[in-house]
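Read through the structure below, which is laid out as structure tokens, and then see the notes.
Numbering of ligands and ligand atoms starts at 1, following listing order.
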Amino acid sequence: MSDKAKAKEAIKRLKIETPSWAYGNSGTRFKVFGQPGVPRDPFEKIEDAAQVHKYTGAAPTVALHIPWDKVEDYAKLAKHASDLGVKLGTINSNTFQDDDYKLGSVCNPDPKIRKKAVQHLIDCIEIMNITGVQDLKLWFADGTNYPGQDNIADRQNRLAESLAEVYKHLSGNQRMLLEYKFFEPAFYHTDVPDWGTSFAHCLQLGDRALVCVDTGHHAPGTNIEYIVAVLLRAKKLGAFDFNSRFYADDDLIVGAADPFQLFRIMHEVNINGGFEVGTPVSYVLDQCHNIEAKVPGQIRSILNVQEAVAKALLVDQTALKSAQQSGDVLLANDVLMDAYNTDVRPLLVEVRQEQGLDGDPMGAFKKSGYLAKIAAERVGGNQAGWGA
Ligand code: PSV
Ligand code: MN
């Protein structure tokens, strides 16, 4: 197989999960702007997600957030998804929107509150049991705002104990993904601030515990691709949450702020086996579309990921290895930049056409009139948003 054919095959296999919360209203602490046609419930969110898959052929699963996507009957929600040609994906827990969690959830000094948080995580595993979903994603808002507020090491012990309790409930192919974030909502210290902390807990827990790298959760200038390479080497990279940031946890469209960084990340993923058949790495968007339309926002995100991946797959590995081995610094850098500077859009059009899709998913979606249709149909009720 030629390099181009190999790249096309890998792109066709690449699946990117979209998050249910991207379809609901979102905003900043200053304002949440509503948009016409926004889903009123998880069923409608899945209908929107199915559109993203319909036009890209690359987004067959939808991540849920519990309790935002709480329903009476999860089997019914799973059936609704499969009727629309998609499946339910990662279950994201939420231990940050209850008054009890003011001083933290699984790290809270009060054992009763820790127990409540752990029970929520076990309830999330129960939803996975019903729906056949593989991954539980854990992101904790835990931390402190002031030096002296709590004992940092004690909080680590509480975290380890709580995670171990939840871990015991995993079965079959189920996995636990521990996400890190260096600040916010806690401002002085966060209990899982970085990949090292997540990695240490995952190592202690066992094989089913893996690190989730959210691209927006690093300090400016952090070499994220280094983290990716190290985690892949240790077989501890479970998932990505893709988005981009200019200043903080902006949750903007992946690849919008720094496409070169996204390419560098994808290059490390590629050379460390992350796109191989049977890869343990799952690729998920974790974004919010505050001012732009949501469904096309997700479609654009998928295309941005595909472009970065295609460029990474086109790196001439033989030339790169030989330049690296002979110590030719400039040539090695040149080989990498050559792939980055390749216009891969025609290749991606070919890939889509070979899959029976429109070569231009953004254009095809626009022409479909779906946004006008949902704006006309979804009248009344409460639009979904944070906390609903
Ligand atoms: C909060 O920062 C966050 O964006 C985390 O990245 C989670 O993955 C996501 O929310 C959903 O809880
Ligand atoms: Mn995330």
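- Salt bridge R114/D110: absent, no basic N to carboxylate O contact under 4.0 Å.
- Taking every heavy atom of H217 and a limit of under 4.0 angstrom, the matching atoms of ligand 1 come to 2 (O), 5 (C), 6 (O).
- Under a 4.0 Å N-O distance rule, the pair K137/D241 qualifies as a salt bridge.
- Each of the atoms 8 (O) of ligand 1 lies under 4.0 Å from some heavy atom of K137.
- Taking the N/O/S atoms of E179 in turn, the shortest distance to the Mn ion (ligand 2) belongs to OE2.
- In summary, the side chains of R352 and Q306 do present a donor paired with an acceptor at a separation below 3.5 Å, with no hydrogens or angles considered.
- The residues K311 and E307 are annotated as not salt-bridged, no charged nitrogen and carboxylate oxygen being separated by less than 4.0 angstrom.
- Side chains of Q97 and W68: a donor on one and an acceptor on the other come within 3.5 Å.
- The OD2 atom of D214 and the OD2 atom of D286 subtend an angle of 90° at the Mn ion (ligand 2), given to the nearest 10 degrees.
- If you look at E184 next to ligand 1, there are no close heavy atoms at all, none under 4.0 Å.
- Checked by distance only, ligand 1 and W139 stay at 3.5 Å or farther apart across all their nitrogen or oxygen atoms.
- Listed by atom number, the atoms of ligand 1 under 4.0 Å from D241 heavy atoms are 8 (O).
- Note on D150 versus R158: salt bridge recorded, some NZ/NE/NH1/NH2 to OD/OE distance being below 4.0 Å.
- Remark: minimum distance from atom 8 (O) of ligand 1 to any protein heavy atom is reached at E179 OE1, 2.8 Å.
- Using cut-offs of 30° and 60° for the angle between ring planes, the F199 and W195 rings count as tilted.
- Polar contact with ligand 1: present for K181 (N/O pair, distance under 3.5 Å).
- Considering both main-chain and side-chain atoms, W21 never comes within under 3.5 Å of ligand 1 through any nitrogen or oxygen pair.
- Closest N/O/S atom of D241 to the Mn ion (ligand 2): OD2.
- Nearest to atom 3 (C) of ligand 1 among the protein's heavy atoms is D286 OD2, 3.8 Å.
- Near H65, the atoms of ligand 1 lying under 4.0 angstrom from a non-hydrogen atom of the residue are 11 (C), 12 (O).
- The distance between the ring centers of F263 and Y340 falls below 6.0 angstrom.
- Interface atoms of ligand 1 facing D249, defined by a heavy-atom separation under 4.0 Å, are 1 (C), 2 (O), 4 (O).
- With a 6.0 Å cutoff to the six-membered ring centre and a 45° limit on the axis angle, K76 does not count as a cation-pi contact of Y74.
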